[in-house]
Number of protein chains: 2
Amino acid sequence: MVASHVSIVSGGVYMKKIYWLSSIILAMTIGIACALHPSVKPSPNGIQLPVNYKDWPVIAPSYRSDNNTIRVILGNEIAVRAARSGNVVPWPEGAILAKIVWKEKSHEKWTSALLPGKFVHAEFMIKDSAKYSSTGGWGFARWKGLEQIPYGDDANFVQQCFGCHTPVKENDYVFTRPAEMP
Amino acid sequence: MVASHVSIVSGGVYMKKIYWLSSIILAMTIGIACALHPSVKPSPNGIQLPVNYKDWPVIAPSYRSDNNTIRVILGNEIAVRAARSGNVVPWPEGAILAKIVWKEKSHEKWTSALLPGKFVHAEFMIKDSAKYSSTGGWGFARWKGLEQIPYGDDANFVQQCFGCHTPVKENDYVFTRPAEMP
């Protein structure tokens, strides 16, 4: 009976150790998972980062020699369908354009070829004429850097976006032209 | 009976007219369908144009100041998975890279921004180490222009592709570097 009692006690200590070890492993796992999949904060105007935008099809690449950035403009299904059929003035309701921007860098084996270097930001235009009537029917948002920090101190940042896009008002406020494809 | 006979005859003429009209409409429909979906000839080395490559996700854009072209490199599922996880030296078996090339043109409202102009060609690299062992494990193919004309007079054209890619042998013969993304 004494032996049995000791056994139960030492078994209890063992279970406690297992419990604590499991808790530590669980906490570490959650920590690593959070680091790999950080929750991205919404833009100050309430727009959430669109899911899986990196997998959207291409509408066009572009290169800006004035700020040495290389870009690619992607579109959600509604936007790509509109781009491929040439119906983009205006873009249809529900269209989302995603622009990914990188600093340029030269290819080490072909220096006149410019490639994406440091990731700068991802920007979005979301077409909802009713919701965003004060900014040409477009909701604007930007997330900066690999940390995906939302741009803007408050919701007024969109005036900056809209101001810059006003010169292309006749093109539904969009600089991008869908690239010609077969 | 006479009236009935006349009716049958005129009915026959009517059916003949319908038959010919239907045939003409059918022929026109097929003609239009063929014009919209031309069958693209395979490359002289037997490679077929990959289906839906235009919808593949982006691996990187690039810009070449030496020949004034702007490009985007897309990948099939195997290639994109490898690119996103950084496992591209070597690229895995079954990976396909698609490079779409356009002549540059300046944006009319932002002249330092260069956009895709005329479509030049779509090029492909297909990783199959056994099948393409003589060209670094890659099958090469190119289709020129909106008409998608296969490049090369015969299967030897791949020596030209392979020769140009030899300077990047240490990068599994690929110039493209997957763009940094969050």
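First the proteins, then the strands, lettered A, B, ... as listed; each starts at 1. The figures that follow rest on heavy atoms only: side chains count, while hydrogens, waters and symmetry mates do not.
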K.L.:
Is it the case that the side chain of B/Ser65 and the backbone of A/Ser112 share a donor-acceptor pair, with hydrogens and angles ignored and the cut-off at 3.5 Å?
P.N.:
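It does hold such a pair.
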
K.L.:
Name the region of B/Arg71, side chain, backbone, both or neither, that has any atom closer than 4.5 Å to a heavy atom of chain A.
P.N.:
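It is the backbone, since no side chain atom gets that close.
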
K.L.:
Would a hydrophobic clustering, with Ile, Leu, Val, Met, Phe, Trp and Tyr connected at side-chain separations under 4.5 Å, put A/Ile47 with A/Val51?
P.N.:
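No, it is not one cluster - the side chains of A/Ile47 and A/Val51 are not joined through contacts under 4.5 Å.
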
K.L.:
I'd like to know if A/Ile126 and A/Phe157 are part of one continuous hydrophobic network [Ile/Leu/Val/Met/Phe/Trp/Tyr, side-chain heavy atoms within less than 4.5 Å].
P.N.:
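In one cluster: no.
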
K.L.:
In sequence, state the C-alpha distance, the side-chain angles, and the governing distance for B/Phe175 and A/His107, and then conclude on side-chain contact (heavy atoms from CB on, under 4.5 Å).
P.N.:
CA-CA 8 Å; B/Phe175 282 98; A/His107 196 290; 3.8 Å; yes

K.L.:
Which heavy atom of A/Arg84 sits nearest to which heavy atom of B/Asp55, and what is that distance?
P.N.:
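Shortest heavy-atom contact: NH1-OD1, 2.7 Å.
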
K.L.:
Side chain, backbone, both or neither: which part of A/Glu170 has a non-hydrogen atom closer than 4.5 Å to chain B?
P.N.:
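Just its side chain gets close to chain B.
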
K.L.:
A quick test of your reading: do over 12 heavy atoms of other residues, nucleotides or ligands sit less than 6.0 Å from CD of B/Glu93?
P.N.:
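Yes - once you tally the heavy atoms of other residues, nucleotides and ligands closer than 6.0 Å, there are more than 12.
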
K.L.:
Count the heavy-atom pairs under 4.5 Å between each of B/Asn171, B/Ile70, B/Val72 and chain A, then report the option with the highest count.
P.N.:
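Heavy-atom pair counts peak at B/Ile70.
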
K.L.:
Looking only at atom types and distance, does a side-chain atom of A/Glu180 sit under 3.5 Å from a main-chain N or O of B/Lys118, one as donor and one as acceptor?
P.N.:
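Flag not set: sc A/Glu180 to bb B/Lys118 has no pair under 3.5 Å.
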
K.L.:
For A/Trp110, is it the side chain, the backbone, both or neither that has a heavy atom under 4.5 Å from a heavy atom of chain B?
P.N.:
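A/Trp110 touches chain B through side-chain heavy atoms alone.
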
K.L.:
Using every non-hydrogen atom in the two residues, find where A/Pro116 and B/Ala60 come nearest and quote the distance to one decimal.
P.N.:
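A/Pro116 and B/Ala60 have their closest heavy atoms at CG-CB, 4.0 Å.
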
K.L.:
Heavy atoms only: give me the nearest B/Val168-A/Lys109 pair and the separation to one decimal.
P.N.:
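Closest pair (atom of B/Val168, atom of A/Lys109, distance): CG1-CG, 3.9 Å.
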
K.L.:
Report the C-alpha distance between A/Trp102 and B/Met181 in whole Å, list the side-chain angles of each, state the deciding distance to 0.1 Å, and finish with yes or no for side-chain contact (heavy atoms from CB on, under 4.5 Å).
P.N.:
CA-CA 9 Å; A/Trp102 298 268; B/Met181 293 196 203; 4.2 Å; yes

K.L.:
Check this for me: A/Asp154, atom CG, are more than 12 non-hydrogen atoms of other residues, nucleotides or ligands nearer than 6.0 Å?
P.N.:
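Check passes, neighbour count above 12.
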
K.L.:
If hydrophobic clusters are built from ILVMFWY residues whose side chains come within less than 4.5 Å, do A/Val174 and A/Ile78 share one?
P.N.:
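In one cluster: no.
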
K.L.:
Can you tell me which of B/Leu146, B/Asn67, B/Thr69 forms the most heavy-atom pairs within a distance under 4.5 Å of chain A?
P.N.:
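Of the options given, most contacts go to B/Leu146.
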
K.L.:
A/Leu74, A/Leu49: one ILVMFWY side-chain cluster at the under-4.5 Å cut-off?
P.N.:
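Per the 4.5 Å side-chain linkage, A/Leu74 and A/Leu49 are co-clustered.
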
K.L.:
State whether the side chain of B/Lys54 and the backbone N or O of A/Pro182 hold a donor-acceptor pair below 3.5 Å, judged by distance alone.
P.N.:
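Checked: pair present.
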
K.L.:
Within a 6.0 Å radius of atom CD on A/Glu77, are there more than 12 heavy atoms belonging to other residues, nucleotides or ligands?
P.N.:
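No, the 6.0 Å shell around CD holds no more than 12 heavy atoms from other groups.
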
K.L.:
Take atom CG of A/Asp66 as the centre, draw a 6.0 Å sphere, and report whether it contains more than 12 heavy atoms from other residues, nucleotides or ligands.
P.N.:
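It does: A/Asp66 CG has more than 12 such atoms within range.
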
K.L.:
Tell me the closest heavy-atom pair linking A/Ser62 and B/Leu115, and the distance in Å.
P.N.:
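What the structure gives for the nearest pair is CB-CD2, 3.9 Å.
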
K.L.:
If you count heavy-atom pairs within less than 4.5 Å of chain B, which of A/Trp143, A/Trp56, A/Phe119, A/Tyr63 leads?
P.N.:
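Of A/Trp143, A/Trp56, A/Phe119, A/Tyr63, A/Tyr63 has the most heavy-atom pairs under 4.5 Å with chain B.
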
K.L.:
Is it the backbone or the side chain of A/Glu104 that comes under 4.5 Å from a heavy atom of chain B, or both, or neither?
P.N.:
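Neither part; nothing is under 4.5 Å.
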
K.L.:
Going only through I, L, V, M, F, W and Y residues with side-chain contacts under 4.5 Å, is there a path from A/Phe162 to A/Phe124?
P.N.:
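No, A/Phe162 does not connect to A/Phe124 through the hydrophobic network.
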
